[in-house]
Amino acid sequence: MTDRGNEAYFGQRLLRWYRKERRDLPWRRSRDPYHIWVSEIMLQQTRVDTVIPYFNRFVERYPTLRHLAEAPEEDVLKHWEGLGYYSRARNLQAAVREVVERYGGEVPRGKAEVSGLKGVGPYTAGAILSIAYDQPEPAVDGNVMRVLSRYFCLEDDIARPATRTAMEGLARSLIPEGQAADFNQALMELGAMVCTPKSPSCPSCPVGERCEGRLRGREKELPVKTKPKKARPVYRIAALIEGTGANAGRVLVCQRPETGLLARMWELPHVEVPDDKVWGRLDEAAGRLKAALAEEGIRVRVDASEEVGEAQHVFTHLVWNIKVLGAAVLDEREAAGSGYRWVGAAEFESYAWPNVFRKLLTEYFLFRQKA
DNA sequence: AAAGCGGGGCA
DNA sequence: TGCCCAGCTTT
């Protein structure tokens with residue numbers, strides 16, 4: 001299927017196209033392995049246009065790996081706010097600290113060493129080694145699997161790990177001598193700009209005339225990918241608790257656990273209820289909220305008639321449906337415990353919030369400001 | 001192999 | 001609405 005002549009055709013046509021059409025992206029203006037690394041972590045499951053402003057802020061705030069290694073964790077999380085998949089931020093900082101301690105502050109050049117860093121999987125390791133150090137390692141992401149599936153008319157399910165492994169072997173065999181950096185980026189660039197998921201621009205494709213998928217009229221059916229399961233709805237009741245006296249103008253918030261969903265981010269205290277029926281009955285919902293807070297040592301009076309907000313937050317694997325009820329603490333000293341804080345409009349911006357709570361609280365503080 | 005893990009853009 | 005995005009880690 002891939003005789004020498006076709007490999008040369010593919011690589012040379014792709015490289016020529018890339019050197020003419022490549023986008024001017026912030027991380028392409030440097031060969032600093034640390035900058036390449038940061039960009040690749042941010043780009044995991046995240047679009048280029050979304051990443052650009054985050055990348056620029058991040059490298060300005062943490063110009064070198066040592067700056068990042070020495071930063072407070074919550075500072076790093078705050079810079080990641082809104083980007084999603086927050087374990088990436090924690091893993092990245094843990095990994096740069098390891099590079100400082102074990103490799104003298106220089107991103108290692110060995111495949112085993114790079115792959116051993118937290119948050120660095122097969123794709124990211126290949127991307128760092130090829131783009132920063134020009135090593136002939138494949139970097140197979142969703143773009144590359146789509147391009148190869150179409151070009152070679154491969155019907156293997158790209159959701160299967162075994163397919164990705166096979167694609168790595170194929171991609172490795174296609175790397176032109178000494179041009180791994182440009183070739184890998186060219187492959188991804190083609191997937192992003194020409195060989196797009198829907199309605200690919202085959203007429204302007206540099207390798208279209210030998211694309212098996214297109215020649216067989218199959219380009220729109222490829223790649224084959226099993227569908228993910230639908231997100232599961234969950235129902236939650238949150239408390240908006242306003243402070244009084246010294247805490248006037250502030251709201252009681254709490255920090256999420258160290259691991260799992262939205263780890264270490266801040267939110268309104270809330271409780272999950274079994275189903276949408278309980279969620280819809282405000283008196284029962286209020287009772288469950290009050291009981292949950294009592295478990296934390298915080299006694300509150302919840303006003304079931306005072307629904308102050310409602311929001312939906314869609315994750316990949318679940319959907320949060322949130323009702324917000326107004327409430328008041330009986331004794332403000334009870335809410336001084338670990339993980340709980342009174343936060344006002346002034347401090348609000350220095351905490352890291354999931355989007356849904358950032359929106360709810362922004363709305364609230366704006367409302368209070370007017371009142 | 002399957003599930004957990006964000007958020008946004010686009011047809 | 002559903003799909004996909006320069007994926008990795010844990011179970």
Side-chain angles (χ1 to χ4, degrees), chain A residues 22-23 25-28 36-55 77 80-92 94-95 114-128 130-132 137-147 157-165 167-168 171 181 183-193 195-200 220 223 225-232 234 256-257 259-265 267 311-320 352-359:
Chain A
R22 57 178 277 177
R23 288 170 290 177
L25 302 173
W27 46 90
R28 287 185 177 159
I36 305 292
W37 181 7
V38 170
S39 75
E40 292 302 341
I41 299 297
M42 287 187 170
L43 286 162
Q44 290 170 4
Q45 296 292 285
T46 312
R47 290 168 196 289
V48 165
D49 290 340
T50 303
V51 167
I52 289 173
Y54 282 91
F55 176 83
L77 187 60
W80 212 271
E81 182 189 53
L83 198 51
Y85 288 130
Y86 299 97
S87 67
R88 293 184 294 177
R90 194 222 289 262
N91 287 338
L92 176 59
V114 173
S115 300
L117 297 169
K118 281 189 177 174
V120 178
Y123 163 74
T124 307
I128 293 171
S130 63
I131 298 171
E137 290 293 330
V140 175
D141 67 344
N143 285 314
V144 174
M145 287 198 283
R146 184 172 57 256
V147 170
D157 183 355
I158 64 169
R160 290 175 53 230
T163 301
R164 187 189 53 75
T165 306
M167 295 262 183
E168 281 176 355
F183 176 77
N184 282 347
Q185 292 183 86
L187 214 40
M188 292 187 274
E189 190 85 345
L190 188 73
M193 305 303 292
C195 196
T196 50
K198 288 164 187 170
S199 62
K220 288 192 174 61
K225 186 180 183 181
T226 57
K227 292 176 183 173
K229 292 171 70 175
K230 285 213 294 194
R232 173 178 59 93
V234 300
R256 295 183 60 83
T259 58
L261 187 67
L262 302 170
R264 296 177 306 159
M265 302 195 80
E267 63 184 3
Q312 188 179 64
H313 194 52
V314 179
F315 300 86
T316 303
H317 60 301
L318 51 85
V319 179
W320 275 4
W353 309 95
N355 269 7
V356 63
F357 287 110
R358 189 170 54 73
K359 282 176 189 164

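All values reported here derive from a predicted model rather than from experimental measurement. Protein chains get the first letters and strands the later ones, always in sequence-line order, with residue 1 at the start of each.
A:Arg23 comes within contact range of at least one nucleobase, with a heavy-atom separation under 4.0 Å. In this structure, A:Thr124 reaches the sugar-phosphate backbone alone: every heavy-atom distance under 4.0 Å involves primed, P, OP1 or OP2 atoms, never a base. Within 4.0 Å of A:Trp320, counting heavy atoms only, lies no atom of the nucleic acid at all. Counting non-hydrogen atoms under 4.0 angstrom, A:Arg146 reaches the backbone sugars and phosphates but no base. Within the nucleic acid shown, A:Leu25 comes within 4.0 Å of at least one base atom, counting heavy atoms only.
Between A:Met193 atom CE and C:dA6 atom P there is a gap of 11 Å when expressed in whole angstrom units. Atom pair A:Asn143:CG and C:dC4:P shows a separation of 12 Å (rounding to whole Å applied). Distance A:Arg160 CZ to B:dA2 P: 10 Å, rounded to the nearest Å. The CD1-C1' distance, from A:Ile41 to C:dC5, rounds to 15 Å in whole Å. Between A:Leu92 atom CG and C:dC8 atom C1' the separation is 13 Å, expressed in whole Å. Atom-to-atom, NZ of A:Lys229 to C1' of C:dG2 comes out at 17 Å; the value is rounded to the nearest Å. Taking atom OH on A:Tyr54 and atom C1' on C:dA6, their separation rounds to 17 Å, with Å as the unit. Atom CZ in A:Phe55 sits about 19 Å away from atom C1' in C:dC5, given to the nearest Å.
Note that CE of A:Met145 and CG of A:Leu187 are 11.5 Å apart. Values are rounded to the nearest 0.5 Å. Atom NZ in A:Lys118 sits 13.0 Å away from atom CD1 in A:Ile41 (nearest 0.5 Å). Note that the OG1 atom of A:Thr124 and the CD atom of A:Gln44 stand 4.0 Å from one another [nearest 0.5 Å]. Atoms CD1 and CZ, from A:Ile52 and A:Arg47 in turn, are 13.0 Å apart once rounded to the nearest 0.5 Å. Expressed to the nearest 0.5 Å, how far NZ of A:Lys229 lies from OG1 of A:Thr316 amounts to 14.0 Å. Interatomic distance, CH2 of A:Trp320 versus CD of A:Gln312, reported as 12.5 Å (0.5 Å rounding).
By the salt bridge (Lys or Arg N to Asp or Glu O under 4.0 Å) test, A:Arg232 pairs with no residue at all, sequence neighbours left out.
Of the P atoms belonging to B:dG6 and C:dT11, the separation is 15 Å, rounded to the nearest Å. Going from the P atom of B:dG4 to that of C:dA6 covers 24 Å, rounded to whole Å.
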For nucleotides 9-11 of chain C, tabulate all protein N/O to nucleotide N/O atom pairs closer than 3.5 Å, reporting atom names and distance.
{"residue": "C:dT9", "atom": "OP1", "partner": "A:Gly119", "partner atom": "N", "Å": "2.7"}

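A salt bridge is absent between A:Glu189 and A:Arg22: the closest approach of a Lys/Arg side-chain nitrogen to an acidic carboxylate oxygen does not fall below 4.0 angstrom.
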*Under the side chain to side chain contact (heavy atoms under 4.5 Å, CB included) rule, what do A:Val234 and A:Phe315 come out as? Steps first, then yes or no, please.*
CA-CA 11 Å; A:Val234 300; A:Phe315 300 86; over 6 Å; no
*asked:* Between A:Trp80 and A:Met42, does the side chain to side chain contact (heavy atoms under 4.5 Å, CB included) criterion hold? Intermediate values first, please.
replied: CA-CA 9 Å; A:Trp80 212 271; A:Met42 287 187 170; 3.6 Å; yes
*asked:* Does the protein touch nucleotides 4-11 of chain B at the base, only the backbone, or not at all? Give it as B, S and - per nucleotide, heavy atoms under 4.0 Å.
replied: SBBBBB--
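Nearest-nucleotide assignment on DNA chain C puts the 5′-proximal partner with A:Lys227, out of A:Gly142 and A:Lys227.
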